[in-house]
Every structure is written in structure tokens, then in C-alpha cells.
Amino acid sequence: QVQLVESGGGLVQAGDSLRLSCAASGRTFSSYVMGWFRQAPGKEREFVAAISRSGNSTRYADSVKGRFTMSRDNVAKKVYLQMNSLKPEDTAVYFCAAGLTYTTTSWAYHYWGQGTQVTVSS
């Protein structure tokens, strides 16, 4: 089992940057594909980014491609989401998730954190 705790959210202005972190517990962290998802008020949860077990492969939603970068540190058992050039439409609760399939589909991820709020003002 994996427990996930996100941090790093906050209130920023459009064009600013934020770095989200997700700390994982458990001895098998490197066995999991990791993902970031987000959910804005009144909207469904949507895929943001995913990273393979080794960290050699990443996938991004078209809306964040070129602005967000996901990385992982298997020794520290952490994943990160570097968010640059933030836009008001990036405002959402961001969730870290762990799963066994390298996919953009939320239902394939078995473990979820509580989320961290990101608010981008215009």
C-alpha cells in the first residue's frame, strides 16, 4: 500500500511558477507509475501528467504541455510537478496518484493523496 501527501500549492499570479511535491510512503514506490490530476470547482477530475516507474518517460495533457514538467526521485520517494507560466485556468485542487498502468485514465490509479490547492489570479 502507498500513502501520498501533496504539498506546495498556493495563491500565485498569472505567469508565476509553482512546484508541487508528493511524498510517498511504502517500500515499493519505484514499482508504481505516478500521475498528477486536477479538479476545478464544478468540473470533473482531469489528467495533468504521468511518469513511468523509472522516470524516463512522461506524458502530459495538451493544456499543460510545454509549461509543466513532472519528475520523480525514487530514492526520496517523491514526485514533483514544476508548473511554469501559470494561467487562471490552471486553478484547481491538484492530486497525486499511484498506479500500475502508465495511463492518463484516473480510474487506473489505485492510491490518491488528499490534494493541494493551486489558485492563479489574473
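The first residue in the sequence is number 1, and the count goes up from there. All values derive from a computational prediction rather than experimental measurement.
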Exercise for review: Before giving the answer on side chain to side chain contact (heavy atoms under 4.5 Å, CB included), spell out for M70 and M34 the whole-Å C-alpha distance, their side-chain angles and the decisive distance to 0.1 Å.
Suggested key: CA-CA 9 Å; M70 185 175 185; M34 299 299 295; 3.8 Å; yes
Exercise for review: Go through the steps to decide whether L100 and H110 satisfy the test side chain to side chain contact (heavy atoms under 4.5 Å, CB included), and finish with yes or no.
Suggested key: CA-CA 8 Å; L100 299 177; H110 308 290; 4.0 Å; yes
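In terms of the salt bridge (Lys or Arg N to Asp or Glu O under 4.0 Å) criterion, residue partners of E46 (sequence neighbours excluded) are, by chain and number, R38. Applying the side-chain contact (heavy atoms from CB on, under 4.5 Å) criterion to V33, with sequence neighbours excluded, gives R53, Y102, Y109. For R45, the side-chain contact (heavy atoms from CB on, under 4.5 Å) partners two or more places apart in sequence, or in a different chain, are F37, Q39, F95, W112. Among residues two or more places apart in sequence or in another chain, the salt bridge (Lys or Arg N to Asp or Glu O under 4.0 Å) test is passed with R72 by none. Taking Y111 as the reference, Y32 meet the ring pair (Phe, Tyr, Trp, His ring centres under 6.0 Å) condition, with sequence neighbours excluded.
The closest donor-acceptor contact from the side chain of E6 to the backbone of G115 lies under 3.5 Å. For T103 (side chain) and T105 (main-chain N/O), a donor-acceptor pair under 3.5 Å exists by modelled atom type. Checked by atom type and distance alone, the side chain of K87 never pairs as donor or acceptor with a backbone atom of A14 at under 3.5 Å. With hydrogens and angles disregarded, no donor-acceptor distance shorter than 3.5 Å links the side chain of T119 to the backbone of L11. Looking at S25, its side chain does come within 3.5 Å of a backbone N or O of Q3 through a donor-acceptor pair.
Every pair tested for ring pair (Phe, Tyr, Trp, His ring centres under 6.0 Å) that includes a residue from residues 52-86 fails, sequence neighbours excluded, so the list is empty.
Within the 4.5 Å cutoff, the side chain of D16 has no heavy atoms near those of the V120 side chain. Using a 4.5 Å heavy-atom cutoff, the side chains of L86 and L18 are in contact. Contact of the S17 side chain with the M83 side chain is not registered, since no non-hydrogen atoms from C-beta on lie closer than 4.5 Å. At least one side-chain heavy atom of L4 sits less than 4.5 Å from a side-chain heavy atom of V2. Using a 4.5 Å heavy-atom cutoff, the side chains of Q117 and Y94 are not in contact. Between C96 and V79, the closest side-chain pair of non-hydrogen atoms falls below 4.5 Å.
Residue V48 forms a side chain to side chain contact (heavy atoms under 4.5 Å, CB included) with just one option from D90, L81, L20, and that option is L81.
Of all heavy-atom pairs between T91 and P88, the closest is OG1-O, 2.9 Å. When all heavy atoms of D73 and F29 are compared, the pair lying nearest together is O-CE2, 3.9 Å.
Atom NZ of K65 has more than 12 neighbouring heavy atoms from other residues, nucleotides or ligands inside a 6.0 Å radius. Dense packing is recorded around NZ of K77, with more than 12 heavy atoms of other residues, nucleotides or ligands lying under 6.0 Å away.
Note that the OG atom of S7 and the CZ atom of R19 stand 9.5 Å from one another [nearest 0.5 Å]. Here the OG atom belonging to S121 is positioned 5.0 Å from the CD atom belonging to Q13, to the nearest 0.5 angstrom.
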